Amino acid sequence: MAEAQRSVKDITVTLPDGAKRTYAAGTTGMEIAESISKSLAKAVVAVKIDGAMSDLSLPINKDVSISLVKREDAEGLELIRHDCAHVLAEAVQKLYPGTQVTIGPNIENGFFYDFFRNEPFSTEDFAAIEAEMKKIVERGAPFTREVWDRNEAIKFFKNKGENFKAELIQDLPETEEIKIYRQGEWTDLCRGPHMPTTKHVGTAFKLMKVAGAYWRGDSNKAVLTRIYGTAWRNDKELQDYLTQIEEAEKRDHRKLGRELELFHMQDEAQGSVFWHPKGWTIWVALEAYMRRRLKDGGYLEVKTPQLMDSRFWEASGHWGKYRENMFVVPDVVPNTEEGGKVFKEEPKHFMALKPMNCPAHVQIFKQGIKSYRDLPMRLAEFGCCHRNEAHGALHGLMRVRQFTQDDAHIFCREDQIMEECVKFCELTKAIYKDLGFDDYVIKLETRPENRIGSDALWDKAEKGLEDALKKLGMKYDISPGDGAFYGPKLAFIIRDAIGREWGCGTLQLDFNLPERLDALYTAEDGSRQRPVMLHRAILGSIERWIGIMIENYAGKLPLWLAPVQCVVATITSEADSYAEEVVRELRAKGIRAELDIRNEKINYKVREHSLQKVPYLFVVGKREAEERNVAIRQLGSDAQKVVNMEVAVDDLKQAAQPPY
RNA sequence: GCCGUUGUAGCUCAGGGGUAGAGCAACGCAUUCGUAAUGCGUGGGUCGAAGGUUCAAUUCCUUUCAACGGCACCA
């Protein structure tokens, strides 16, 4: 009898430490916290019920396991940010009546909220908005949760002129509850959960920037104004974050590229890079390293045409799908008449700069007859490609119009896919390690909506990539729908100084292009078979990679990549001829050394070469010249070591060896 | 491409309806110096471009280009 009663009225709550407690059905998270301790009740901001975040005020009606989320927890910080977005929205609507609200999620380091308003916001409005937000926080209105009837809710928001919210509700699945949160007078449709009151948001927040964003991420829809903010648990965290951003901006590769005289860009060649001697030195060293890696990896290097007839691109399928981003060149002799039209007649034939290398590599594969014995055939190219990227997409070295891929295509049999994928991942891992990147994310990007090829083929391809990752025990996330139109891909993603993510390495499985371009090999039984094609790049774009490396190392590249590895600087002109001899010795050993015999103080020279991030400075004065020594000063240290010149040169040669 | 911001000397930036200014850099001279800026001097800009308003525009207006911050895109 007692047992039966319990099952109706009581629930068992399991805490994270495994302890079980019994409460009356309908008990809320807050009540549970209060029953444990007063201080816990004070600190708690939400409750995780069976793994799902919920409001503390939500009655619990069944047996569950819970954990109480405090403001200090990682989940608590997410709530601070999300609630802060709501506070922002309330403040904006108070200050700018008629502004429509849309959505405001928390993101890494903060939150944003998208508004619709005829007048744009400007950063000058921030002070007023922040002040209003602080008032709302100070007021500390409780967040209360209500579940509304769908049609009531739509009517409510339509009446308020909140068309975007009404549209959101309309599009929510029928099964979804329509949850409305109130904070004082202000209401918003929201999935929740929220902290108990606006006061819990605290004041460690700051509005950062305004930006345009499309409604529902669709470029055909309305443009909204997005306000980004950052929010933290306390002022120290906020300050630390702001300092961190400031520091990161100092490593911006565009800034360092100019300061270190690596490259520049200009209007007349937007999206293309002018590599200066020092920048190009990095490139050449990196490319040479990659060549050694590829050669040992069984790749064969090739070079294919830059400009090819449009019918070639028609056959590959790019003409139809990507033409708007291709640079198309009329195949006509231009008019030479002064002041005349560029072309006398309407061009009939077109060529196009290659936007990628794959079809060209298929042409090489197709020359002659290939046997199963030739497979896998790995064709590699440092392929210079052109893509007419949208203006807004261009970004320093990271996104350019002319770029060089460390591209390769592996033609193999189906039963070789797994092994090739494994080899590729291993090679990529090794190269990233050599180049100083241990921190990257792997994404498995699966079939997009617009695609070619049967589902059976896609199943096979996606499984192939996943199996290889599993075999290697590499961690990965799945990004559904992000694959290429011809096949799924692995993307190796690296972050730049300020946390932006850039795709670098990629491995794409393709059963389609060999079919489309009619690539065949002769199998053991004499039959003609289609090879499978693996598109792969490790650095991705060499431009981008160098940009990321500059930021990662804050310009202080490892010795083997440093454009100038050593400067020999004199203290007085008495050491000039000795300094010249030291430079000759260094250069004879393959060290990139420069001579500085300018009539300047050694302080000045040290400062200048340090700012130029030269790894080694050999200082020579009268003493060193007489004793045939050099005073070595390494970048980042003010210690000096006086060493015999020949020993120093040999040591530096050793230290400057590339990792492979 | 879309929304917003910015554009003045090589760089960083100030100024403002009466045709521009600083620091650093460059150049010249002096200084020969021991580990993150020696001193003095000189030169340098059709104020992103085009058009308009005005007696007068770098400044105000329009258009345009580029860069920057996002969004969309990224074979």
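Here the structure is a predicted model, which is why all the values come from computation and not from measurement. Lettering follows sequence order; numbering is per chain, from 1.
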Pick base, sugar-phosphate or nothing for A/Lys605, based on heavy-atom distances below 4.0 Å to the nucleic acid.
-> nothing

So what does A/Ile602 touch, heavy atoms closer than 4.0 Å: a base, only the sugar-phosphate, or nothing?
-> sugar-phosphate

May I ask you to establish whether A/Arg451 and A/Phe485 are in a cation-pi arrangement, using a distance under 6.0 Å from NZ or CZ to the six-membered ring centre and at most 45° from the ring axis?
-> no

For A/Leu611 and B/A36, give me the distance from atom CG to atom P, rounded to whole Å.
-> 11 Å

Side-chain donor or acceptor of A/Lys622 paired with backbone N/O of A/Ala575 under 3.5 Å = no

Rounded interatomic separation in angstrom, taking CZ from A/Arg258 and C1' from B/A25 | 13 Å

Under-3.5 Å donor-acceptor pair between A/Glu624 side chain and B/G34 base | yes

Smallest separation among heavy atoms of A/Tyr578 and A/Asn629, with atom names = OH-O, 2.8 Å

Let me know the distance between CD of A/Glu249 and P of B/A67, rounded to the nearest Å.
-> 19 Å

Touch class at under 4.0 angstrom, heavy-atom based, for A/Leu617 against every strand present = nothing

Distance, rounded to the nearest Å, where A/Arg598 contributes CZ and B/A26 contributes C1' = 12 Å

Would A/Tyr241 and A/Trp232 satisfy ring pair (Phe, Tyr, Trp, His ring centres under 6.0 Å), going step by step from the backbone distance to the final call?
-> CA-CA 9 Å; A/Tyr241 173 66; A/Trp232 299 85; 5.1 Å; yes

Is A/Asn603 near enough to B/U35 that one of its side-chain N or O atoms lies under 4.0 angstrom from OP1 or OP2?
-> no

Between B/U62 and B/U19, how far apart are the P atoms? Round to whole Å, please.
-> 26 Å

Relative to A/Tyr228, does A/Lys209 satisfy both conditions: NZ or CZ under 6.0 angstrom from the six-membered ring centre, and within 45 degrees of the ring's axis?
-> yes

Looking only at atom C1', what distance separates B/C33 and B/A37, rounded to whole Å?
-> 14 Å

Please walk me through it: do A/Phe263 and A/His276 pass ring pair (Phe, Tyr, Trp, His ring centres under 6.0 Å)?
-> CA-CA 5 Å; A/Phe263 65 89; A/His276 294 203; 7.7 Å; no

Round to the nearest Å and state the distance from A/His609 atom NE2 to B/G34 atom P.
-> 17 Å

Closest non-hydrogen atom pair, A/Ala484 against A/Trp458 | O-CH2, 3.2 Å

Compute both the distance and the angle, then confirm whether A/Arg117 meets the cation-pi test with A/Phe121: under 6.0 Å from the six-membered ring centre, within 45 degrees of the axis.
-> yes

Touch class at under 4.0 angstrom, heavy-atom based, for A/Ala631 against every strand present | base

Take nucleotides 58-65 of chain B nucleotide by nucleotide from the 5' end and write B, S or -, depending on whether a protein heavy atom sits under 4.0 Å from the base, only from the sugar-phosphate, or from neither.
-> --------

When you match A/Thr572 and A/Val606 each to their closest nucleotide on RNA chain B, which lands nearer the 5' end?
-> A/Thr572

Does A/Arg495 reach the main-chain N or O of A/Tyr440 with its side chain, forming a donor-acceptor pair under 3.5 Å?
-> no

Starting from Watson-Crick (N1-N3 plus N6-O4 or O6-N4) and G-U wobble pairs under 3.5 Å, report the runs of at least three that RNA chain B belongs to.
-> B:1-7 with B:65-71, B:10-13 with B:21-24, B:26-30 with B:38-42, B:48-52 with B:60-64

Whether A/His318 and A/Trp313 hold their rings parallel, tilted or perpendicular, with breakpoints at 30° and 60° = perpendicular

Which whole number of Å gives the distance between the C1' atom of B/C3 and that of B/A22?
-> 36 Å

Say you pick atom P in B/G18 and the same atom in B/A57; how far apart are they, in whole Å?
-> 11 Å

Take nucleotides 68-75 of chain B nucleotide by nucleotide from the 5' end and write B, S or -, depending on whether a protein heavy atom sits under 4.0 Å from the base, only from the sugar-phosphate, or from neither.
-> SBBBBBBB

Validate the cation-pi geometry between A/Arg399 and A/Trp502: distance from NZ or CZ to the six-membered ring centre under 6.0 Å, angle to the ring axis within 45°.
-> no

Exam field: side chain A/Glu130 to backbone A/Leu207, donor-acceptor pair closer than 3.5 Å | yes

What interatomic distance, in whole Å, is found between C1' of B/U58 and the corresponding atom of B/A49?
-> 13 Å

Using atom OH of A/Tyr578 as one end and atom P of B/U32 as the other, report the distance to the nearest whole Å.
-> 24 Å

What interatomic distance, in whole Å, is found between C1' of B/C65 and the corresponding atom of B/C24?
-> 29 Å

Let me know the distance between CD of A/Glu261 and C1' of B/A26, rounded to the nearest Å.
-> 13 Å

Figure out the CG/C1' separation between A/Leu224 and B/G4, and round it to whole Å.
-> 13 Å

Can you tell me how far C1' in B/G69 sits from the matching atom in B/G15, rounded to whole Å?
-> 26 Å

Atom CG of A/Asp218 with >12 non-hydrogen neighbours under 6.0 angstrom | yes

Pick the C1' atom in B/A72 and in B/G4, then give their distance to the nearest Å.
-> 15 Å

